[in-house]
J.: 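Before anything else, here's the structure in question.
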Number of protein chains: 2
Amino acid sequence: MTGIPDFIPLHELRSGCPACSLRELCLPLGLARDEMAQLDEVIRQRIPVKRGEALFRAGQPFHSLYAVRTGFFKTTLLAEDGREQVTGFHMAGELLGLDALGGTQHACTAIALEDCEVCELPFQQLDSLSREIPSLTRHFYKLMSREIVRDQGLMLLLGNMRAEERLAAFLLNMSQRLEARGFSAKGFHLRMTREEIGSYLGLKLETVSRTFSRFQADGLIKVQGKQIDLLDLNAIRSLLGACAPTESH
Amino acid sequence: MTGIPDFIPLHELRSGCPACSLRELCLPLGLARDEMAQLDEVIRQRIPVKRGEALFRAGQPFHSLYAVRTGFFKTTLLAEDGREQVTGFHMAGELLGLDALGGTQHACTAIALEDCEVCELPFQQLDSLSREIPSLTRHFYKLMSREIVRDQGLMLLLGNMRAEERLAAFLLNMSQRLEARGFSAKGFHLRMTREEIGSYLGLKLETVSRTFSRFQADGLIKVQGKQIDLLDLNAIRSLLGACAPTESH
DNA sequence: CGCAATATTGACACTCTTCAAACTTAGTGG
DNA sequence: CCACTAAGTTTGAAGAGTGTCAATATTGCG
């Protein structure tokens, strides 16, 4: 039981990876019972991260990947002149730290946007395990290539789309990912500020706010601070001009 | 000698990976002699790709990675509405196809911008080999995470920088990569059109052209069609306002 | 060498940003 | 529990930076 902090209630100790509903999002499918048990040994579960805290920061040595169990993170990149850009928002079942997998230090910073729980996957031990469980390596290849494709989709958005299209793509993406996790696809509470949305989409916060207001005036959505309700999904979709992929991550 | 086309002159057969000057860019360092020999067996070398031809296209099944041996490629992403974005330019020693590594089909299209030669690395066989050569897996992790970091640097550029900064970052990046390959850092021939540069940087071709002209008027560069000479590297660097990472890839 | 593709340049339109002020929400301490 | 403060949001007006359209010049491939 090494590495499992003792403030976790006893009954939680039994709910490791094999029982985790998010398993198929962060571990390969089709693992044998004993393989799963091996992984379960290695993974440190349910580490709490408070709102505003960093899970890791750019430049810190890389030791582990982290799977989001509950809560919501942003990852940011910091330019030398202080400009910071949000490179992603991450929710339950997603893996953080892939951009450091091959290297020695983290490239981005991961900040909790609300109180979160993560599971830690120490890379050294995963690496050893992957000799016994070849599908593990394959799984990380898949996750990393998915991350590359995701980033390229965002590049397409940043390079080609106008404010309305960007916001529409953002809302649909959130909707879809929340739905995939069993939440409502039509109403949700944004965890990030307008400024963080803007940074992610390459827009200023005022532009984000204005565009939300316009969407509301047009009857597409209802905005109440961070609470968003999508009133006309099809109309929002049509804003994309059949453009960028909404899918993925 | 399977897989090696017979139009390759005999003396080339001896110049496989162990002799290739680009080796350290596409294969892990510190391989033993016999490991290198094994890889050499698997890699199909010096496949010619003519200017304008696709090395692979988005949607095609993924079988192999490709190392650029000579020449110059662009990779593009195609949105459903026909909009296409250039996601990267790739020169000798760089690996293409990483975005498909974990999946079954290519996500982007790779087009040769001049007559090229590539080496093919069949993934199946690499995968088998990596059981005997663990550093191979690690190497691909590294390459993929580098690709993620590169893409995120571009996201930062697309999200935050203005036309002048984008062009300056582009020129410095080209200069640096060419220099690393033994070419001049100050004068080079662009292989891509203004439109392709613009697509990559999220600008219209007219803006690229205008910005080049302004740089020239300011004495920063000399432009003669696709021939670019960097006259004042420091001044170009200072345009970046100490922003985005120019490094990488 | 000739033609199509590419590049340059200008004038104008438009989107987004900037600056500023007012307003709302959430969190803190009396 | 309410007052207070800081952070976040909304909205307006003006301006900068790119995009668009169009005409002309140039390049480079066949």
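Each chain gets a letter, A, B and so on, in the order its sequence line appears, and its residues count up from 1. Just so you know, these numbers use all the heavy atoms, side chains as well, and skip hydrogens, waters and symmetry mates.
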J.: Would you indicate, yes or no, if D:dG17 has its OP1 or OP2 atom less than 4.0 angstrom from a side-chain nitrogen or oxygen of B:R162?
T.: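 Answer is yes, contact under 4.0 Å.
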J.: Output the rounded distance in Å from CD1 (A:I228) to P (D:dT9).
T.: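 The answer, rounded to whole Å, is 10 Å.
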J.: For B:G202, report the nucleic acid contact type (base, sugar-phosphate, nothing); a contact means any heavy atom under 4.0 Å.
T.: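 B:G202: backbone/sugar contact only, no base atoms under 4.0 Å.
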J.: Please state whether the base of D:dT18 and the side chain of B:R166 form at least one donor-acceptor pair under 3.5 Å?
T.: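 Result: no qualifying N/O pair found.
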J.: With respect to B:E114, which candidate in B:K50, B:R191, B:R51 satisfies the side chain to side chain donor-acceptor pair (under 3.5 Å) definition?
T.: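 Of B:K50, B:R191, B:R51, side chain to side chain donor-acceptor pair (under 3.5 Å) with B:E114 is met by B:R191 alone.
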J.: Find the distance A:E114:CD to C:dG27:C1' and express it as a whole number of Å.
T.: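 My rounded result for the distance is 17 Å.
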J.: Please state how far atom CG in B:L203 lies from atom P in D:dG17, giving the value in whole angstrom units.
T.: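 So the CG-P distance, B:L203 to D:dG17, works out to 14 Å.
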J.: With heavy atoms under 4.0 Å as the rule, sort A:S209 into base, sugar-phosphate or nothing.
T.: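 The answer is base, as A:S209 lies within the cut-off (heavy atoms under 4.0 Å) of a base atom.
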J.: Under 6.0 Å between the ring centres of A:F73 and A:F89?
T.: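 Centroid separation for A:F73 and A:F89: 6.0 Å or greater.
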J.: Under 4.0 Å, heavy atoms only, any strand: does A:L205 hit a base, just the sugar-phosphate, or nothing?
T.: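 Base contact.
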J.: Ignoring hydrogens and geometry beyond distance, is the side chain of B:R210 in donor-acceptor contact with the base of D:dG17 at under 3.5 Å?
T.: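 Counting by modelled atom types and ignoring angles, no donor-acceptor contact under 3.5 Å is found here.
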J.: Roughly, in whole Å, what's the span from CZ in B:R214 to C1' in C:dG10?
T.: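 To the nearest whole Å, that distance equals 14 Å.
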J.: Please check the phosphate of C:dT18 (OP1 and OP2 only) for any side-chain N or O of A:K204 closer than 4.0 Å.
T.: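 Result: yes.
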J.: For A:T207 and A:L203, indicate whether the former's side chain and the latter's backbone hold a donor-acceptor pair under 3.5 Å.
T.: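 Looks like no, no N/O pair under 3.5 Å.
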J.: Among B:R46, B:R69, B:Q45, find the one that has a side chain to side chain donor-acceptor pair (under 3.5 Å) with B:E117.
T.: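 Answer to the side chain to side chain donor-acceptor pair (under 3.5 Å) test with B:E117 among B:R46, B:R69, B:Q45: B:R46.
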J.: Whole angstrom is fine here: how far is it from CD in A:E195 over to C1' in D:dA7?
T.: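 Atom CD in A:E195 sits about 11 Å away from atom C1' in D:dA7.
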J.: I want to confirm an ordering. Mapping B:A163 and B:H189 to their closest nucleotides on DNA chain D, which one lands closer to the 5' end?
T.: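 In this pair, the answer is B:A163.
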J.: Taking the side chain as C-beta and beyond, is there a heavy-atom pair between A:F72 and A:M192 under 4.5 Å?
T.: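 In short, these two side chains touch, coming nearer than 4.5 Å.
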J.: Which of the following nucleotides, C:dT6, C:dT18, D:dG8, is nearest to the side chain of A:T193?
T.: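 Looking only at heavy atoms from C-beta outward on A:T193, the closest nucleotide is D:dG8.
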J.: Using whole Å, report how far CD of A:E164 lies from P of C:dC16.
T.: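 In whole Å, C:dC16 P and A:E164 CD are 8 Å from each other.
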J.: Identify whether any heavy atom of A:T207 sits under 4.0 Å from a base atom; if not, whether one sits that close to sugar-phosphate; answer base, sugar-phosphate or nothing.
T.: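 Base, at least one base atom sits under 4.0 Å.
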J.: Rounded to the Å, how far apart are B:M161 CE and D:dT18 C1'?
T.: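 One finds 16 Å between C1' of D:dT18 and CE of B:M161, rounded.
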J.: May I ask you to verify whether the side chain of A:R194 and the base of D:dT11 hold a donor-acceptor pair under 3.5 Å?
T.: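 Answer is no: no donor-acceptor pair is held.
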J.: Could you tell me whether B:R214 and B:E164 make a salt bridge, using a distance below 4.0 angstrom between a side-chain N and a carboxylate O?
T.: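 Yes.
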J.: From CZ of A:R191 over to C1' of D:dT9, roughly how many Å is that when rounded to an integer?
T.: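 The distance from CZ of A:R191 to C1' of D:dT9 comes to 18 Å, rounded to the nearest Å.
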J.: B:E206 side chain: which of D:dA22, C:dC16, D:dG19 is closest?
T.: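 The closest nucleotide is D:dA22.
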J.: Measure from the side chain of B:S213, starting at C-beta and using heavy atoms only, and say which of C:dT8, C:dA7, D:dG12 lies closest.
T.: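 It is C:dT8.
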